[in-house]
Structures are given as structure tokens and as C-alpha cells.
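Both counts, for ligands and for their atoms, begin at 1 and track the order of listing. Nothing here was measured: the structure is a model prediction, and the numbers come from that model.
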Amino acid sequence: MKDKPIYVTEPFLPPLDEFTIYLKQIWKNKTLTNGGLFHQQLEKALCEYLGVEHISLFNNGTVGLITALQALKIKGEVITTPYSFVATAHSLLWNGIEPVFVDIDPSTLNLDPSKIEAAITSKTTAIMPVHCYGHPCDVEAIQEIADRHNLKVIYDAAHAFGVQCDCGSVLKHGDLSVLSFHATKVFNTFEGGAIVCPNAETKRLIDRLKNFGFVDEVTVNVAGINGKMSEVNAAFGLVQLNHIDAALEGRKTADTLYRALLKDVMGIRFLEGSGERVANYSYFPIMVESSYPLTRDELYHRLKQSNIFARRYFYPLISEFPVYKKFPSASPGMLPVATKASQEVLCLPLYSSLPEVEQLRIVSLIKNI
Ligand SMILES: *Cc1c(COP(=O)(O)O)cnc(C)c1O
């Protein structure tokens with residue numbers, strides 16, 4: 001008999017009876033969406049938990065990214081990373097913007113600030129970096145470049161829930177940061193997302209954009225979208241927020257165990273932890289280097305045969321998909337670090353309820369090749 005399948009992640013589900021209480025309330029109030037009570041409560045609770053001033057909830061992170069670009073009226077070219085989930089670049093195409101891919105830093109796998117300036121042209125209007133796997137970007141270096149060239153910065157912070165940097169929440173950097181609350185993320189609302197806004201005025205603008213552009217009952221000035229989060233999703237977020245610290249603690253335990261067990265395995269390298277204070281342990285990527293007996297893909301298939309479903313995040317690179325290949329910046333020759341990382345990376349299962357015995361099984365499969 002095969003072992004029970006282990007996926008790269010398992011959603012974090014708080015106690016069902018706590019959620020039921022909220023559902024009964026929704027049935028009673030009969031407010032299902034359009035900025036109801038739970039929507040308002042979740043925005044407030046997330047501001048407090050994350051240590052930010054203003055948040056606008058969304059129905060998913062991708063619509064959040066698209067709307068963030070709209071809110072800042074970004075056009076022309078935007079510098080971004082090829083080493084991310086495809087939605088990062090899709091949000092640019094949906095706004096008629098040309099993505100300009102810039103290579104990543106080999107130690108963090110985030111956009112390499114030292115390579116940004118060479119990619120700036122007269123059409124560049126913004127930079128869209130990603131805090132990959134929840135490791136903070138070099139936010140100071142990126143801001144300095146943006147200031148020098150008068151560019152906006154929109155962070156795809158889909159992996160960065162709860163991540164801290166030296167000056168508090170990493171989500172306070174740049175002009176806007178966009179979170180995803182998809183089921184596979186550290187904090188989820190089934191589907192969902194949010195934009196972290198620097199001030200009340202920007203939040204008001206974004207709140208309108210996600211509600212078709214309505215200013216009041218009879219006034220629409222822009223072609224907004226429907227990006228609203230429903231009351232059911234917001235209620236689930238409130239319940240989950242009560243348990244998020246325990247979930248993060250469970251992830252941390254699993255992360256620590258992997259690091260200890262895989263420390264001296266020849267050909268397996270893992271990214272440096274970003275430290276106690278800052279991390280959210282959202283992924284556990286390993287780099288399968290040439291000194292390992294198998295290639296990354298061979299290891300991926302070997303694990304799969306044992307019902308372990310590790311994932312190759314991020315392979316292929318965004319720049320390798322047919323819709324992006326045609327852009328001059330997508331040439332692999334210009335993206336050597338991202339190309340290599342994409343060929344070596346394997347994200348191991350990591351979630352709060354991952355049993356220790358399963359982690360031991362995964363590690364012994366990796367070790368006993
Ligand atoms: C998950 C993810 C998104 C998309 O978020 P959705 O909520 O699924 O739309 C965008 N960017 C990155 C880096 C992601 O991991």
C-alpha cells in the first residue's frame with residue numbers, strides 16, 4: 001500500500017464551530033457582501049495584526065495587483081522579476097504594460113537591485129518586486145533607485161503575510177503592497193487578497209476602484225472592477241486570525257527540523273533563514289545542485305513515486321511562458337541566476353499540521369538515493 005499523499009501545502013483550517021457562529025450571524029444580518037460588518041472588522045483586525053495603517057480587502061491577490069497598478073496610473077514599462085508566480089506579470093499585461101524582466105540575487109532569489117538601473121528606459125514608470133518565499137527584498141536599495149528615477153514601487157507581497165523588517169512590517173515599503181489570501185498561502189480566506197495603502201486617501205481611491213468606480217449611488221468616474229471580498233470570506237479570515245500565531249509556530253517547527261536534518265546533505269542547499277523576527281516560514285525551497293546524485297527533476301519524480309508532491313516553484317520562469325517569451329528582456333541569457341534557480345529549486349511540503357514522521361520520511365528519501 002502506498003503512503004498517504006503529502007502535498008506541498010495543506011490549508012490551515014481553524015475550528016469549524018467557530019466559523020459556524022459567524023455564518024449564523026450572516027444568515028441573520030442578510031448582508032452577504034459590499035463592505036459588510038465582517039469586511040470592516042477584518043480590515044481593522046489585519047491592520048492591527050500586521051502593524052499597518054490602511055488595508056483594502058480584495059476577492060483575490062491578482063485583482064489586487066491589477067487594481068494597484070490602476071490606482072497609481074502605471075503605464076509603459078515596469079521592471080519585475082521572472083522568478084515568481086505568473087500572476088505578477090499577468091497583472092502588468094492586463095493593464096497594457098510591458099514587463100521588463102531583471103535577474104535575481106542568488107542568495108535571496110529576489111530582484112537584484114544592482115541590475116535594475118540598466119533596465120530603466122524613458123518608458124519605465126514603476127518597479128514590481130516580489131518578496132519571494134516571504135524573504136524581504138532589499139527595500140532600501142530599491143527605494144533609492146525608484147527615488148532617483150522617479151518611479152513607483154508596487155510590491156507583490158503575496159508571500160509576505162506577517163513578515164517584518166528592521167523598521168516594522170515589510171508591507172509598509174514601496175507605494176503599495178499586495179497580499180494574497182489564497183488557500184495555499186500562510187493566511188487564507190479561501191480566495192482573497194488585500195492592498196496595503198499608505199494613507200486614507202489612497203485607500204478611498206482603491207475602495208472605489210474595487211467597487212466598479214462608484215463614488216456614491218449615482219456617480220462613477222472611472223472604469224472600476226469588481227474586486228470585493230464577500231462576508232463569508234471575511235468571516236473566515238476573522239476566525240483564522242485568532243489562530244494564526246499557532247499556525248506560524250507550527251510552520252517554524254517544521255522549518256527548523258528540515259534545516260537540522262538536511263544540513264549536511266551533499267548537493268542540497270537551502271536559502272538562509274531570514275531570522276527569527278522576520279520570517280513567516282511560508283515555503284521550504286531547496287536547491288538541488290550538480291553535486292547531488294540526481295537532477296532536480298529526477299528527485300521531484302522520485303518523491304512523487306512515494307506520494308510526496310513537492311513543487312517546482314518557480315519553474316518555468318514567467319519569462320519562459322509563450323506570452324512573455326517575445327519580450328526582449330525575457331532572453332534567458334540576460335537572466336542567468338533566475339534560470340539556474342528555476343532549474344534547481346524544489347519546494348518541500350511545509351505547513352503547520354505536517355507530521356514530524358512525514359518530514360522524516362521525506363528527508364530519508366532525499367538522503368538515501
Ligand atoms: C498566489 C500569488 C499571487 C496570486 O494571488 P491570488 O490570490 O491567487 O490571485 C500573486 N503573486 C504571487 C507571488 C503569488 O504567490
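- Taking the six-membered ring for Trp and the full ring otherwise, the centers of F284 and F270 sit less than 6.0 Å from each other.
- Legend: residues meeting ring-ring contact (aromatic ring centres under 6.0 Å, His included) with Y292, ordered by chain and number and at least two apart, are absent.
- Not a single ring-ring contact (aromatic ring centres under 6.0 Å, His included) links Y300 to another residue, sequence neighbours left out.
- Residues satisfying the side chain to side chain donor-acceptor pair (under 3.5 Å) criterion with T20, sequence neighbours excluded, are absent altogether.
- If you look at ligand 1, the protein residues with a non-hydrogen atom under 4.0 Å away are N60, G61, T62, S84, F85, A87, T88, D156, A158, H159, S180, H182, K185, G192.
- Residues F236 and F190 place their aromatic rings such that the two centres sit under 6.0 Å apart.
- At least one donor-acceptor pair under 3.5 Å links the side chain of N110 to the backbone N or O of H135.
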